[in-house]
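What you see is a predicted model, and the numbers here were worked out from it, not measured in a lab. Just so you know, these numbers use all the heavy atoms, side chains as well, and skip hydrogens, waters and symmetry mates.
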Amino acid sequence: MATFLYRIGRWAFRRRRVVLGLWLGALVLAGVAAAMAPAGQDEGLSMPGTESQKAFDLLDERFPQSNSQGAEARLVFQAPDGQRMTAGENKAVVQDALGSLAGGDQVASATDPYETGAVSEDGTIAYSTIGYTVDAVDLTAPAKSALEDAASQARDAGLTVEIGGSALDSQEAPGGTTEIIGVAVAAVVLILALGSLVAAGLSLLTAFAGVAISFGLVSALAVPLGLTSTVAILALMLGLAVGIDYALFITSRFRDELAQGREQEEAAGRAVGTAGSAVIFAGATVFIALVGLGVVGIPELTKMGLGGAGAVALAVLVALTLVPALFGFTGRRILSRAVRRSARQRSGRPRPVPTAAGRPGLGTRWARFVLRRPVTVLMVAGLGLGAVALPALSLELGLPGDESKSVETTERRAYDLLSEGFGPGFNGPLTVVVDMPESADTRGTTDLVAKTVGGVDGVASVGEPVLNPARDTAVLTAVPRTAPNSGETKDLVHAIRGAVSGVEDDTGAGVLVTGTTAMNIDISEAMSDALIPYLTVVIGLAVLLLLVVFRSVLVPVKAALGFLLSVGAAFGVLVAVFQWGWGADLIGIEQTGPVMSLMPILIIGIVFGLAMDYEVFLLTRMREAYVHGASPGEAIVHGFRHSGRVVAAAAIIMISVFAGFIGMNSPTIQTMGVGLAAAVAFDAFVVRMAIVPAVLALLGHRAWWLPRILNRVLPNVDVEGEKLNRHAPASVTRPDAAVPLLHGGRR
């Protein structure tokens, strides 16, 4: 592989104008396709095979008209203190506001709360449901303005009015202040690490190119493939993070090769042949982990995984082709000014830059410290991560709704008003579907179901059954006494399903419990059940991949176990912040509750791939030294000397990018940002920088042991670039004689 990538690197360097033109063409095409494509629609989560999903499918079949409705809004009215909504003047204000909407553009219906009984028992709160003919994404600005104007009209008359429902939902768009800060931090880290504006700018430019293309493709395919805004943001987040990192690793190796006295084209080829091999295998682990999300069986999660995997694949292609092509334009300007000045003082052919005098670099000093005290470092790091992971034992899963939004939003205030007026369960009603294709007494069956459901402890009320035209299916609404995301409501769903099983036996009818609340509960349980199979598939494939890369049995196993420590600590942080509220105010979390049910598997998939990035980049240099005759301890020092600081810089960049998304208003993106930033921090700086060298020091030569039978069977991918030695010019000295060109030039 190294030889093949070496040729790609040299070809891209020589044909740099062709390569640059092709990528610019791809960028323009992706941008045009995205601009011309219609906006996608965020769909609700579905989980094929669950009871709630079967009920939804049955409703689509038996009630096609009612289940093809468009967006919906709720105008929630509250009377001033000491007044009631049933008072004549307040009633007139409500009817005037609703009258301004009736017959409006895209409005299908607007219910009168005084006719539908949508007034609270104390008479202080009422609501109206406004139905639209189109989905939320297709609502025009005038239609939304009319809704807001109606609310303002009632507010001006003295009422408190808030708007809930899906009509005002908007897809979260990237580009906020916190994301810009994250990218700015990444730029500063690159400049400090590389000591060159040109080198830092190259890494950022190539990462932005890959991200722009992947984001454009996701936007263009949003409608035909049903991709949501969350898929696009995940692709942006991952593409930016790994794109910068992959470019950084190849750029750093190119600078090292130049420092060893190689010509620019040769240096580009060797950089892609060595660091590029690590990039491919690192990207492959991320790709496997993300594509593996499809085993869970949730379509939205599968789309997120495929979107993220596509962005990572594009980042790999950019790093292997566009990055070496740009080397041809930057030339030796990619080196720091101090190194270029030193080179100008020499005449003739470029020669190796001598090692700077002074104490060893931080990476070397840290590696030697770990070698002296491996047991102490291992115990402190392991116990520390274990302590941080303890809150994960209290992990509760759920799906966020309006209750998780900021109190500054009208949706959250509408949610609170409805809870106050009609009880906390009003915002999460359960839908009971009765399937009676062969029942002779449909009325008696539905009455029995209603009586049974109403008798379950925790049910506040049961609505009148609604029959379809064929009279073979009925729908009842059951309102819980507790909030949608509470543990009591989860128990209630199971209690209702248990209670109606007797009705099914007696009548032969099928009774299914669904609704958004029930669907969320089913998805959370399905995610928990899928966790072990997912871990088995992803970790198994990744361990096999690392077995091929490092030709070692213990190194891949150690990598997987270290990952479990870091992801456990990340879950501990999520529980502490989102469930317990520790530091929640700092990131704008105003309402604590269950962790979003998609997060554990999603974070496991993403972080496992990213964790293997650092494993591959760090240990590739160690194995490179070991196969060239270095002792296990010397190999560890060599790896940290040449890759430790680059890995640290890459981790800081990735943490900054992920943390930049914490400021978005989407609970999904916020949770993802916190979880990924924490996981990368733990994995890079505790697991890979402390636990990995400590374990390798304790294992010694055994760390690189491979049974003879596997040695014969496994392909030799030559990730160390051993086969490239015949391309080395005779004047080039051994790698350790040259300075690793991270800023300062220290070994």
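Considering CD1 of Ile601 and CG of Leu301, their distance stands at 6.5 Å, rounded to 0.5 Å. Taking CG of Asp245 as the start and CG of Leu240 as the end, the distance is 9.5 Å to the nearest 0.5 Å. Between the CE atom of Met622 and the CD atom of Glu634 there is a distance of 13.5 Å, given to the nearest 0.5 Å. Atom NZ in Lys490 sits 12.0 Å away from atom CG in Asn520 (nearest 0.5 Å). Considering CG of Asp683 and CZ of Phe685, their distance stands at 10.5 Å, rounded to 0.5 Å. The CE atom of Met599 sits 11.0 Å away from atom CD of Gln670, with the distance rounded to the nearest 0.5 Å.
A pairwise comparison of heavy atoms in Ile636 and Pro693 identifies CD1-O, 3.8 Å as the closest pair. Counting all heavy atoms, side chain and backbone alike, Gly308 lies closest to Leu290 at C-CD1, 3.5 Å. Ala677 approaches Ala659 most closely through the heavy-atom pair CB-N, 4.2 Å. When all heavy atoms of Gly639 and Leu618 are compared, the pair lying nearest together is O-CD1, 4.0 Å. For the residue pair Ser552 and Leu547, the shortest heavy atom distance occurs at O-CD1, 2.8 Å. Among all heavy-atom pairs drawn from Arg253 and Ala275, the shortest one is CB-CB, 3.8 Å.
Proximity of Val687 to Leu385: side-chain heavy atoms (C-beta onward) are separated by under 4.5 Å at one or more points. In this structure, Ile603 and Phe571 have side chains that are in contact, with non-hydrogen atoms separated by less than 4.5 Å. Annotation: side chain of Trp580 is in contact with side chain of Val575 (closest heavy-atom distance under 4.5 Å). Looking at heavy atoms from C-beta onward, Met672 lies in side-chain contact with Leu234 at the 4.5 angstrom threshold. Within the 4.5 Å cutoff, side-chain heavy atoms of Phe563 are placed close to those of Ile604. With a 4.5 Å cut-off on side-chain heavy atoms, Phe640 and Val370 do not count as touching. Under the 4.5 Å side-chain criterion, counting only non-hydrogen atoms from C-beta, Ser566 is not in contact with Val686. Side-chain contact between Arg373 and Val380: absent, with no pair of heavy atoms (C-beta onward) separated by less than 4.5 Å.
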Side chain to side chain contact (heavy atoms under 4.5 Å, CB included) evaluation trace for Val674 with Phe578: CA-CA 10 Å; Val674 171; Phe578 291 94; 3.9 Å; yes
For Ile250 and Leu320, what are the C-alpha separation, side-chain angles and deciding distance, and is it a side chain to side chain contact (heavy atoms under 4.5 Å, CB included)? CA-CA 8 Å; Ile250 292 180; Leu320 297 179; 4.3 Å; yes
Quick one: do Leu238 and Phe658 satisfy side chain to side chain contact (heavy atoms under 4.5 Å, CB included)? Show the steps, please. CA-CA 8 Å; Leu238 282 177; Phe658 289 149; 4.2 Å; yes
Trace of the side chain to side chain contact (heavy atoms under 4.5 Å, CB included) decision for Leu561 with Val695: CA-CA 11 Å; Leu561 294 177; Val695 172; over 6 Å; no
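Of the N and O atoms on the side chains of His701 and Tyr626, at least one donor lies less than 3.5 Å from an acceptor on the other residue.
Of the residues listed (Val189, Leu204, Ile653, Val647), the one engaging Leu248 in a side chain to side chain contact (heavy atoms under 4.5 Å, CB included) is Ile653, and it is the only one. Of the candidates Val567, Leu395, Leu574, Pro600 forms a side chain to side chain contact (heavy atoms under 4.5 Å, CB included) with just one, namely Leu395.
Although no hydrogens or angles enter the test, the distance criterion places a donor-acceptor pair under 3.5 Å between the side chain of Thr489 and the main chain of Ala483. In this structure, the side chain of Ser252 does not engage the main chain of Phe249 through any donor-acceptor pair within 3.5 Å. Formation of a donor-acceptor pair under 3.5 Å by the Asp522 side chain with backbone atoms of Thr50 is not found in this model.
Other residues, nucleotides and ligands place no more than 12 heavy atoms under 6.0 Å from the CD1 atom of Ile709.
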